[in-house]
2 protein chains.
Amino acid sequence: MRRMTARPANAHQARLLRLLRDGGPNSRAQLGDQVDLSRSKLAVEVDRLLDTGLVVADGLAASRGGRRSHNIRLAPALRFLGVDIGATSVDVAVTNAELEVLGHINQPMDVREGPVAVFEQVLAMAAKLRASGLAEGFDGAGIGVPGPVRFPEGVPVAPPIMPGWDGFPVREALSQDLGCPVMVDNDVNLMAMGEQHAGVARSVADFLCVKIGTGIGCGIVVGGEVYRGTTGSAGDIGHIQVEPDGRPCACGNKGCLEAYFSGAALARDAEDAAHQGSSPELCTRFENSGALTAVDVAAAAAAGDATALDLIRAGGNRTGQVIAGLVSFFNPGLVVIGGGVTGLGHTLLAAIRTQVYRQSLPLATGNLPIVLGELGPTAGVIGGARLISDHLFSPA
Amino acid sequence: MRRMTARPANAHQARLLRLLRDGGPNSRAQLGDQVDLSRSKLAVEVDRLLDTGLVVADGLAASRGGRRSHNIRLAPALRFLGVDIGATSVDVAVTNAELEVLGHINQPMDVREGPVAVFEQVLAMAAKLRASGLAEGFDGAGIGVPGPVRFPEGVPVAPPIMPGWDGFPVREALSQDLGCPVMVDNDVNLMAMGEQHAGVARSVADFLCVKIGTGIGCGIVVGGEVYRGTTGSAGDIGHIQVEPDGRPCACGNKGCLEAYFSGAALARDAEDAAHQGSSPELCTRFENSGALTAVDVAAAAAAGDATALDLIRAGGNRTGQVIAGLVSFFNPGLVVIGGGVTGLGHTLLAAIRTQVYRQSLPLATGNLPIVLGELGPTAGVIGGARLISDHLFSPA
DNA sequence: CTACTTTCTCCAGTTCGAGGACAAAGGGGG
DNA sequence: CCCCCTTTGTCCTCGAACTGGAGAAAGTAG
């Protein structure tokens, strides 16, 4: 099926499309209040958008005291695909033009199988969503991958946990396969955009979004825009040193944060604790399944296991130590904690908060909320939809 | 004397003024090459600027193969004042509209005497520059202070080393006294703007500018613009912890970078070394003057004193450790080292480089120059002039 | 039913800008 | 010194775009 290829012709139209995306259906009059255009100019631009089919009439709005206005909204048939490729699983979701999730699938998977295998699976998941009647096709897709990306080209560069992806033309390949525009970004940046659009970071211009999963990364938002750095590796905080001459890390250095606290490190520490017998709870879990993950630690902690709680607190302290430094440096208006280990919940959050509030200067922490992300796994896919919609809703 | 109060009427004019500021005198044709306006439109805007008096005709340009063009330039009588208030001295300079320094005075001073005393001195220095015939008045002034500033209002907030300045309306007070528009910013940000305009950071969009003086701070430039953070305290890296439970710092915490390496800490370490007799060079210097400063350490190091060199290397390592973290996080295209202790020169730079290149990931450091600032004490004052000119050369 | 509010359309007047034509100014070769 | 080419600057005209007002349409409140 042929999809929409129309694009806004100028900055005004782009602005209007984004307002409709972020604010939902709206009347001409309300739009006029927000964009500072003359009524006539606004009417012309709206008419053109109606001509392109990007927006459609949507009945009458409630009266604001006088004549009721005709609502307009983004075309209800528009569909964006959000794909969040993690180290061990993939999330794929369809959204409408307002970035509301209509359907969401998660499947386990190993990125190390390489791009070809992974995309096969992603395409199958997308097809499944389409087959379930949620979409007749996709007008754009935003993809997140767990590693640095050269953003303009949409190509992963030297991703440590994704051997075989280096230089793979993700954007171009998927654009071909899906038959729609595609944008590719780091998964952490996508999470940041998701929380910004629909989560805790609404209306915050400058914030950090720390994602603790298999690795640790940090999305940086400056003035409402994701900051990616000179080579696209900004936010790669997992390999900041927290302990001189500390534990060896997979990256070759010693004492990296990730060597102490990440899904992998936590699992290893938990297994060690199980072997040493210091934690009955972890021990029984280990005997049941033969291995431990962050989920087990979370469960043990919830059951009140002291060792598990200690592990979480120790990790939270180290993470907090790094975040404290970043807060001093970056002075954000908000810090969001997300990712797989968010299941560790408030124990983790408390440890991080303690460390940050103790180590950073009052001026920077005075009014600084440190909170858990509220979207969980949907943050990434919403961020993906947001990424591609930002691209499509900008002047051609 | 009455000064220029004209301001550009629109974004085009602002753009042209900045081009003339950054590129010097220019012909209409050359400007046209850069701004993507039709010749007629360009001519109209230039004529209007000529009417305001902000720019003037400046003779004929060399031929580019055909008819010679009439150059235009910013009004040669325009004068900006750059003021860089340090912890222990003040720099005041006059520049023309192209931000070339016409006169520069430095005087020792103690910020802790409070804003009133300091401004008296600054005004006297400005008057001296004016009296020497360099300026008949000032069209704007940019002020740097050694602490966080609420930028829009131009008011220092909770500055640790400037008791008595908290909340003092610097911008308003100086604007009254000087009779011209004033902008106030952190001194580190000014240094970053200076190096960006006329120093090593020309044509780099994203970079860090680390200033090591009485304290340690870091200017952050994102997409060519200084980033100041939510409360104006971004870049305050002096109080990042480098040693858990380490030396007590003036801020109340322990193990801050500044407690180990800054003008003050270095002087103290040097005096300790002198007392212990581990360094003959420092010892004799101490006996001569009764106290030691970073300058003495630099001189001793230059003379080959092993203890002094060790002090510098140790400090450089700690600083490098912090910068390595920032590089991983921020992925800048350049790191500039500046400030008072730059006199320590290449020993310091080498220590910092070693640490950063060893600790940060290859993708971030692959093509990352770490260099000394090339403007020295003029970076701050040029940055001040740049700050106010950016303000004045923007649409009213 | 009337007065008032809000929304939307239409229209006329005006401003703005693009682009072509042309004059002015210079270089270089014969 | 003349002719031709290049570059620069100005002028002019046409078309497009924008503003603001008038007024119709569609409500609400009393």
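Lettering of chains follows the sequences in order, A, B, ..., and the numbering in each one begins at 1. The basis for the numbers below is simple: all heavy atoms, side chains too, and nothing from hydrogens, waters or symmetry mates.
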Could you tell me how far apart [X] ([atom1]) and [N] ([atom2]) are, to the nearest whole angstrom?
X       : N      : atom1 : atom2 : result
B:Gln30 : D:dT8  : CD    : P     : 8 Å
B:Leu31 : D:dT8  : CG    : C1'   : 13 Å
B:His70 : C:dG26 : NE2   : P     : 8 Å
A:Asn10 : D:dC18 : CG    : P     : 8 Å
A:Leu37 : C:dC8  : CG    : C1'   : 16 Å
B:Asp47 : D:dT8  : CG    : C1'   : 14 Å
A:Asn26 : C:dC8  : CG    : P     : 11 Å
A:Leu50 : C:dC8  : CG    : P     : 12 Å

B:Arg48 side-chain N/O to B:Pro8 backbone N/O, donor-acceptor pair under 3.5 Å = no
Candidates [options] - which lies nearest the side chain of [X]:
X       : options                : value
A:Lys41 : D:dA17, D:dG9, C:dA18  : D:dA17
A:Arg68 : D:dT8, C:dT7, D:dG27   : D:dG27
A:Ser38 : D:dT10, D:dT19, C:dG26 : D:dT19
B:Ser40 : D:dT19, D:dC12, D:dT8  : D:dC12

message = Once you apply a heavy-atom cut-off of 4.0 Å, does B:Ser69 come out as touching a base, just sugar-phosphate, or nothing?
response =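 Since only primed, P, OP1 and OP2 atoms lie under 4.0 Å of B:Ser69, the category is sugar-phosphate.
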Test side-chain contact (heavy atoms from CB on, under 4.5 Å) applied to A:Leu74 and A:Val55, step by step = CA-CA 4 Å; A:Leu74 289 167; A:Val55 308; 3.9 Å; yes
Is the shortest heavy-atom distance from the side chain of [X] to the side chain of [Y] under 4.5 Å?
X        : Y        : answer
A:Val149 : A:Arg228 : no
A:Arg18  : A:Asp390 : yes
B:Gln196 : B:Val204 : no

Collect all protein-nucleotide pairs involving nucleotides 22-25 of chain D in which both atoms are nitrogen or oxygen and the distance is under 3.5 Å.
unit_1: D:dA25; atom_1: N3; unit_2: A:Arg67; atom_2: NH1; d: 3.1

key: Stepwise side-chain contact (heavy atoms from CB on, under 4.5 Å) test for A:Leu54 and A:Leu78   = CA-CA 8 Å; A:Leu54 275 171; A:Leu78 281 172; 4.3 Å; yes
Contact nearer the 5' end of DNA chain D, comparing A:His12 with B:Arg28 = B:Arg28
inquiry  = Show, in sequence, the C-alpha distance, side-chain angles and deciding distance for A:Arg39 and A:Arg28, and conclude whether the side-chain contact (heavy atoms from CB on, under 4.5 Å) test is met.
reply    = CA-CA 9 Å; A:Arg39 283 192 309 271; A:Arg28 284 166 160 81; over 6 Å; no
